[in-house]
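Structure, as structure tokens:
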Amino acid sequence: MTTQTNTSTEFEKFTKFLNSKRLRKTPERFEILRCVLETKGHFDVDNLYNSLEKRGYHVSKATIYSTLELLCASGVLRKLLFDTHQARYEHAELTHSHLVCTQCGEIKEINLEEIDSRLSGMTFPDFTPAYVSTCVYGICDNCRIKNAEHIKADVAGDNKQFE
């Protein structure tokens with residue numbers, strides 16, 4: 001599926017959702033959708049707000065928050081709640097897993113096909129899952145290297161005290 005086809009499909013999906021809920025189809029909502037569809041990877045409200053501002057499109061954060069909720073409800077986006085203080089969003093595509101650095105907050109997508117397929121195939125009494133989000137928490141290589149350099153520098157500093 002091409003990006004243009006994917007974009008028009010997402011616009012159609014969102015339009016149908018708004019119609020079904022009898023909600024207004026405002027230019028702001030569709031500009032936010034356009035910006036979201038051009039965003040790669042995970043993003044938060046601040047990232048989206050800054051992208052819209054760079055385009056010269058001024059919209060309140062309240063409008064962004066409410067539109068993101070509508071985009072999630074329509075199935076265009078997924079809201080992810082990692083161990084960070086702010087929700088992140090991603091395109092609602094195939095199930096995949098995330099590696100989350102607990103130090104810098106970096107998020108990488110990985111394919112744990114066996115785990116994801118088993119989890120997505122599970123059924124639960126009195127509950128219908130929409131999607132599965134698996135997170136593996138730890139420290140990324142960049143932070144691990146920085147930590148090792150700080151420890152090395154601290155040890156070297158401590159050794160100088162005893163000279």
Side-chain angles (χ1 to χ4, degrees), residues 1-112 115-116 119-120 124 126-147 150:
M1 186 183 298
T2 66
T3 303
Q4 184 63 33
T5 304
N6 189 31
T7 299
S8 63
T9 302
E10 299 302 328
F11 269 83
E12 287 175 29
K13 182 189 287 186
F14 190 52
T15 301
K16 285 180 184 177
F17 174 80
L18 293 174
N19 286 337
S20 73
K21 301 293 182 185
R22 298 179 189 246
L23 297 170
R24 294 183 8 222
K25 295 177 282 301
T26 65
E28 292 84 4
R29 288 177 175 166
F30 285 96
E31 187 61 29
I32 290 168
L33 172 59
R34 192 173 287 106
C35 192
V36 160
L37 293 175
E38 292 173 7
T39 302
K40 304 281 187 239
H42 305 95
F43 63 93
D44 61 25
V45 170
D46 291 333
N47 298 136
L48 187 56
Y49 178 82
N50 291 333
S51 294
L52 288 162
E53 285 289 317
K54 285 179 187 172
R55 293 170 170 232
Y57 203 89
H58 307 291
V59 62
S60 71
K61 284 193 179 181
T63 300
I64 293 172
Y65 276 109
S66 64
T67 302
L68 289 174
E69 290 303 318
L70 293 173
L71 289 168
C72 289
S74 71
V76 173
L77 289 181
R78 285 190 187 141
K79 183 177 186 177
L80 303 168
L81 301 170
F82 299 112
D83 280 347
T84 60
H85 299 291
Q86 190 171 28
R88 305 269 182 114
Y89 299 86
E90 69 179 357
H91 299 239
E93 296 171 348
L94 299 175
T95 298
H96 57 270
S97 298
H98 300 93
L99 299 177
V100 181
C101 180
T102 56
Q103 193 163 337
C104 69
E106 180 184 10
I107 302 165
K108 290 185 181 178
E109 291 182 359
I110 59 168
N111 186 0
L112 297 176
I115 292 170
D116 289 340
L119 288 173
S120 64
F124 305 92
D126 304 321
F127 186 80
T128 304
Y131 63 92
V132 173
S133 178
T134 308
C135 297
V136 178
Y137 295 91
I139 297 179
C140 69
D141 280 346
N142 289 337
C143 289
R144 184 185 49 77
I145 291 167
K146 285 179 191 174
N147 290 344
H150 286 288

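The first residue in the sequence is number 1, and the count goes up from there.
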For the backbone of Leu71 and the side chain of Ser74, can you confirm whether one donor and one acceptor N or O come within less than 3.5 Å of each other? yes

Looking at every non-hydrogen atom in both residues, tell me the closest pair between Gly75 and Lys13 and how far apart they are. O-NZ, 3.4 Å

Roughly how far, to the nearest 0.5 Å, is CG of Leu52 from CG of Leu48? 4.5 Å

Not counting sequence neighbours, list each pair that qualifies as a salt bridge (Lys or Arg N to Asp or Glu O under 4.0 Å) and has a residue in residues 61-71. Asp46-Lys61, Glu69-Lys79

How would you list all residue pairs meeting side-chain hydrogen bond (donor to acceptor under 3.5 Å, both in side chains) that involve residues 28-39, not counting sequence neighbours? Glu31-Arg34, Glu31-Arg55, Glu38-Arg55

Report yes if the side chains of Glu90 and Glu109 come closer than 4.5 Å at any heavy-atom pair, otherwise no. yes

I'd like to check Ile32 versus Ile64 (side-chain heavy atoms, cut-off strictly below 4.5 Å). Are they in contact? yes

Report the C-alpha distance between Leu68 and Val36 in whole Å, list the side-chain angles of each, state the deciding distance to 0.1 Å, and finish with yes or no for side chain to side chain contact (heavy atoms under 4.5 Å, CB included). CA-CA 9 Å; Leu68 289 174; Val36 160; 4.2 Å; yes

Any donor-acceptor pair under 3.5 Å from Thr63 side chain to Val59 backbone: no

Using a 3.5 Å distance criterion without hydrogens, assess whether the side chain of Asn50 forms a donor-acceptor pair with backbone atoms of Asn47. no

For Phe127 and Phe124, take the angle between the two ring planes, folded into 0 to 90°, and tell me which bin it lands in: parallel under 30, tilted 30 to 60, perpendicular over 60. perpendicular

Considering residues at least two apart in sequence or located in another chain, which fulfil the ring-ring contact (aromatic ring centres under 6.0 Å, His included) criterion with His98? His42, Phe82, His96

Sub-4.5 Å side-chain heavy-atom contact between Val136 and Val100: no

Between the SG atom in Cys101 and the NZ atom in Lys108, the distance rounded to the nearest 0.5 Å is 9.5 Å

With sequence neighbours left out, write down each residue that passes side-chain contact (heavy atoms from CB on, under 4.5 Å) with Lys25, or none if nothing qualifies. Thr15, Leu18, Asn19, Phe30

Sorted by chain and number, sequence neighbours left out, ring-ring contact (aromatic ring centres under 6.0 Å, His included) with Tyr57 holds for none

Atom CG of Leu70 and atom CZ of Phe17: how far apart are they, to the nearest 0.5 Å? 5.5 Å

Gap between atom SG of Cys140 and atom CG of Leu99 - 0.5 Å precision: 10.0 Å

For Phe43, the ring-ring contact (aromatic ring centres under 6.0 Å, His included) test, sequence neighbours excluded, returns Tyr89

If I take atom CZ from residue Arg144 and atom CG from residue Asp141, how far apart are they, to the nearest 0.5 angstrom? 4.5 Å

Nearest 0.5 angstrom please: Leu80 CG to Arg88 CZ, how far? 9.5 Å

Please determine, by modelled atom types, if Gln103 and Asn147 share a side-chain donor-acceptor pair under 3.5 angstrom. yes

